[in-house]
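Start at 1 and go down the list; that is how both ligands and their atoms are numbered. For reference, positions follow the sequence shown, starting with 1.
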Amino acid sequence: MRVKICGITNIEDALLAINAGADALGFVFYPESPRYIAPENAKAVIAALPPFVEKVALFVNETPDVIRSVCLSTGCTLAQIHFDVQDDFFSDVHFPTLRVIRAQKKEDILTYTDEYRLIDAYCEAYGGSGKRLNIEWFEGIDCSKIILAGGLDPENVASLKPYGFYGVDVSSGVEASYGKKDHKLVETFIQKAKV
Ligand SMILES: O=C(O)c1ccccc1N[C@@H]1O[C@H](COP(=O)(O)O)[C@@H](O)[C@H]1O
């Protein structure tokens, strides 16, 4: 399984995650989030990263212009779009040169099945809530293009492997505090996801 560590706010946590084997890092550009990072700060973190790392820009209910502008200015290579957007939002007219993936609610598990997409718990918050999905929703479903998120942590991530998820995405489950990762939790999460 690929692993994304989301809610990165500093270079130390970013390099720790990469050195531990993370495939992607997430930068939250949603101001309401306790893991929000300003684009200019994300740019500095991204500039310090080695190559072959996916830099994911996370947006909630944001406009195409802002998404394009922030990704261009920071060096993010993929945009993760939460949630309430029109379908044409994902058309090439908006993002001819930027890869975007949609974050879906559990109710939409059986839509856009031809796309790589993220399925999130989406409880009272837009994400980053630490709330866990009910894994039974995925019984019998082709999960090979699903990135699972929502309440994951080093204790539960290994139990996901039989479902064949493309990847997993974690924010709060590997934190010491909002916006600060616990390095041992990050390392253990990645080891258990990839063993
Ligand atoms: O991380 C956040 O603060 C956040 C804020 C708004 C939308 C999404 C957010 N993060 C994404 O939420 C999920 C799971 O988070 P958690 O592991 O349950 O804390 C993940 O996709 C993050 O990318």
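Counting the atoms of ligand 1 from 1 in the order shown, those under 4.0 Å from a heavy atom of Gln80 are 21 (O), 23 (O). Within ligand 1, counting atoms from 1 as listed, the ones closer than 4.0 Å to a heavy atom of Tyr30 are 6 (C). Below 4.0 Å from some heavy atom of Ala149 lie the following atoms of ligand 1, by number and element: 13 (C), 20 (C), 21 (O). The ligand atoms of ligand 1 that sit less than 4.0 angstrom from a heavy atom of Arg35 are 1 (O), 2 (C), 3 (O). Distances below 4.0 Å separate heavy atoms of Cys6 from the following atoms of ligand 1: 22 (C), 23 (O). Taking every non-hydrogen atom of Leu58 and a distance limit under 4.0 Å, the qualifying atoms of ligand 1 come out as 7 (C), 8 (C), 9 (C), 10 (N), 11 (C), 23 (O).
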**Request:** List the steps and the verdict of side chain to side chain donor-acceptor pair (under 3.5 Å) for Thr63 and Asp65.
**Result:** CA-CA 5 Å; Thr63 65; Asp65 285 348; 5.7 Å; no
**Request:** Could you check Phe89 against Phe95 for ring-ring contact (aromatic ring centres under 6.0 Å, His included), going step by step and ending with a plain yes or no?
**Result:** CA-CA 9 Å; Phe89 192 96; Phe95 307 108; 5.6 Å; yes
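For Gly150, the closest heavy-atom approach to ligand 1 falls below 4.0 Å. Close to ligand 1: Gly151, with a non-hydrogen atom less than 4.0 angstrom away.
A donor-acceptor pair is defined here as one N or O able to donate and one able to accept, closer than 3.5 Å; no such pair exists between the side chain of Lys4 and the backbone of Glu54. In this structure, the side chain of Thr9 engages the main chain of Gly179 through a donor-acceptor pair within 3.5 Å.
Residue contacts with ligand 1 for Ser33 involve side-chain atoms from C-beta outward but no N, CA, C or O (heavy atoms, distance under 4.0 Å). Within the 4.0 Å heavy-atom criterion, the part of Lys4 lying near ligand 1 is the side chain and not the backbone.
Residues meeting the side chain to side chain donor-acceptor pair (under 3.5 Å) test with Thr111, sequence neighbours left out: Gln104. Here Asp88 pairs with nothing under the side chain to side chain donor-acceptor pair (under 3.5 Å) rule; sequence neighbours left out.
Between Phe138 and Phe165, the two ring planes are perpendicular [angle over 60°; tilted spans 30° to 60°].
The existence of a salt bridge linking Arg35 and Glu175 is confirmed by a sub-4.0 Å separation between a basic side-chain nitrogen and an acidic carboxylate oxygen. Checked for salt-bridge contact, Lys181 and Glu187 miss the test: no charged N lies under 4.0 Å from a carboxylate O.
The option from Leu148, Ile8, Asp169, Val60 that lies nearest to atom 20 (C) of ligand 1, judged by heavy atoms, is Asp169.
Residue Gly173 has no N or O atom closer than 3.5 Å to an N or O atom of ligand 1. Where the criterion is an N or O separation shorter than 3.5 Å, residue side chain and backbone included, His82 fails it with respect to ligand 1.
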